[in-house]
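Start at 1 and go down the list; that is how both ligands and their atoms are numbered. Because the structure is predicted, anything quoted here is derived from the model rather than measured. Residue numbers count from 1 along this sequence.
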Amino acid sequence: MKEEIEKLMEQVRNLACANAKDVEEARVRLLGKKGEITKLFDEFRTFSPELKREFGKKINELKQAATAKIEALKEQTASTAVSDGPKEDLSMPGTPVPLGSRHPVSIVRQQIVDIFRKFGYDVAEGPEIEDDYHVFEALNFPPNHPARDMQDTFFVSAGHLNPLLLRTHTSSVQVRAMETMKLPIRVICPGRVFRNEAISARAHCIFHQVEGLYIDENVTFADLKQAILLFAREMFGPETAIRMRPSYFPFTEPSSEVDVSCNICHGKGCNICKGTGWLEIMGCGMVDPNVLEASGIDSKKYSGFAFGMGLERIAMLKWQVNDLRHYFENDLRFLSQFKTAIEV
Ligand code: DAH
């Protein structure tokens, strides 16, 4: 009995509880109906009067010590009584994760893709590292055309018959489309292009284009004009007018440059349109029969139109970006301005 009391006394002294639940468990273990101290008392009751005298004081001290300790621990852990549940207020609003924004060039690309998808065009992509054949030869570039020159083109392998190079325009994808797709073809080709230009506010060695191609029987210049007009109105607003100026590209005949009415000054003349009331947005034309034949399409039966536009230029006109370099520098002060433009 003596050792028993001492052992339990030691336990009571060292008792430590982290929370109210632990305190209650300790109380039941020591002082509960079947608790260890209660059991001692049961045994004590059977003792002879001499033994009772011997142990009475000690066993009572143990009980008091245990009761006091449990009371003290109860108080101590009262503040952590709720610690079984969540410690934080789960109804508080969370820390917001800052939302990124889309790059202006990809916003414009998506808009153009969406517009032409509505017109029934497919989307096609081609390789950025192309061969001379798809970038120039099949597009009717004469062998000594200046665009093939080292000054304009980044060559990956020079000197071969059909050197590899970084494509200088996405018109190369229209060749791949004509080679592989079934007629009639209605396709747009967004992508990155490369030119060996000194970097400045007005020129860059990397930029983006969207190429368009439509080939079927009896496609005329009137179809081209209507497609471009509908596109321009979707892109720049329903009041937009277009103007076509004669131009030259090796792969189209006739060729034309397209202007849209200035959506800043509405034709009155401002510094964006340099006082003309018009903004140049793309080149286009009727696909040259040589280009159709080079890809195995019968130019007597089929005709088509093509167009190509620069995405940085369109984004520049839409948001009055005054320096091409902004697009490639990843400066958040520039990029975060297009946050709201995601919903456009
Ligand atoms: N490839 C031309 C360029 O990079 C753009 C272009 C003009 C594409 C006229 C066309 C077109 O398809 O018909 O400047």
Side-chain angles (χ1 to χ4, degrees), residues 105 109 112 116 121-126 128 130 132-142 145-149 151-154 165-179 181 185-197 202-215 219-229 231-232 242-260 279-292 294-295 297 299 302-314 316 324:
V105 169
R109 181 189 51 210
I112 295 172
F116 280 102
Y121 284 65
D122 290 326
V123 178
E125 286 185 1
E128 290 177 357
E130 256 295 6
D132 180 278
Y133 177 80
H134 288 90
V135 176
F136 299 125
E137 185 81 36
L139 286 166
N140 202 33
F141 277 81
H145 193 282
R148 294 182 170 207
D149 206 288
Q151 261 118 52
D152 292 291
T153 308
F154 287 116
L165 41 87
L166 300 185
R167 65 181 179 196
T168 54
H169 55 181
T170 43
S171 302
S172 55
V173 190
Q174 63 161 274
V175 177
R176 292 198 174 267
M178 286 189 284
E179 285 170 348
M181 293 170 81
I185 295 171
R186 247 192 246 104
V187 74
I188 52 165
C189 323
R192 198 154 47 154
V193 301
F194 309 85
R195 285 186 199 172
N196 194 358
E197 305 251 8
R202 316 231 116 243
H204 209 289
C205 57
I206 306 173
F207 55 101
H208 298 78
Q209 290 186 330
V210 170
E211 181 80 16
L213 178 70
Y214 177 31
I215 299 175
V219 178
T220 68
F221 200 89
D223 298 319
L224 167 62
K225 214 171 150 181
Q226 187 63 14
I228 304 282
L229 178 65
F231 163 72
I242 62 166
R243 176 174 89 166
M244 296 178 109
R245 286 177 286 110
S247 184
Y248 172 77
F249 299 101
F251 34 91
T252 43
E253 183 60 36
S255 305
S256 162
E257 216 92 47
V258 180
D259 299 340
V260 291
L279 303 164
E280 187 188 319
I281 59 155
M282 66 165 87
C284 66
M286 300 306 292
V287 180
D288 194 296
N290 289 342
V291 172
L292 294 175
S295 294
I297 294 173
S299 63
Y302 290 97
S303 56
F305 62 70
F307 54 86
M309 61 192 124
L311 297 184
E312 281 79 359
R313 166 132 186 103
I314 301 221
M316 244 173 170
L324 265 179

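A salt bridge does not link R202 to E312: none of the charged nitrogens lies less than 4.0 Å from a carboxylate oxygen. Residues R176 and E130 are paired through a salt bridge, judged by an N-O separation under 4.0 Å between the basic side chain and the carboxylate. Ion pairing between a basic and an acidic side chain is recognised when a charged N comes within 4.0 Å of a carboxylate O; E280 and R313 show no such pairing.
Taking every non-hydrogen atom of G308 and a distance limit under 4.0 Å, the qualifying atoms of ligand 1 come out as 6 (C), 8 (C), 10 (C), 12 (O). Atoms of ligand 1 lying under 4.0 Å from any heavy atom of Q209, numbered from 1 in the order shown and given with element: 3 (C), 4 (O). Those atoms of ligand 1 that come under 4.0 Å of a heavy atom in A306, given as number and element, are 12 (O), 13 (O). The atoms of ligand 1 that sit less than 4.0 Å from any heavy atom of F251 are 1 (N), 2 (C), 6 (C), 7 (C), 8 (C), 9 (C), 10 (C), 11 (C), 12 (O), 13 (O). Those atoms of ligand 1 with a heavy atom of R195 less than 4.0 angstrom away are 3 (C), 4 (O), 14 (O). Atoms of ligand 1 lying under 4.0 Å from at least one heavy atom of F249, given by number and element, are 7 (C), 9 (C).
Taking the six-membered ring where the residue is Trp, F116 and F231 present parallel rings, their angle staying beneath 30° rather than reaching 60°.
Residue S171 touches ligand 1 through its side chain alone, judged by heavy-atom distances below 4.0 Å. Neither the backbone nor the side chain of F305 has a heavy atom within less than 4.0 Å of ligand 1. Neither the backbone nor the side chain of E253 comes within contact range of ligand 1; no heavy atom lies under 4.0 Å. If you look at M309 next to ligand 1, there are no close heavy atoms at all, none under 4.0 Å.
Taking the centre of each ring, F249 and H169 stay at or above the 6.0 Å mark.
Under the 4.0 angstrom criterion for non-hydrogen atoms, Q174 is in contact with ligand 1. Not a single heavy atom of E257 sits less than 4.0 Å from an atom of ligand 1.
For S171 and E211, the side-chain atoms include at least one donor-acceptor pair closer than 3.5 Å.
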Would you be so kind as to tabulate the donor-acceptor pairs closer than 3.5 Å made by side chains of residues 185-194, with sequence neighbours excluded?
residue, atom, partner, partner atom, Å
R192, NE, E128, OE2, 3.3
R192, NH2, E128, OE1, 3.3

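Using a 4.5 Å cut-off on side-chain heavy atoms (C-beta onward), L229 and I242 make contact.
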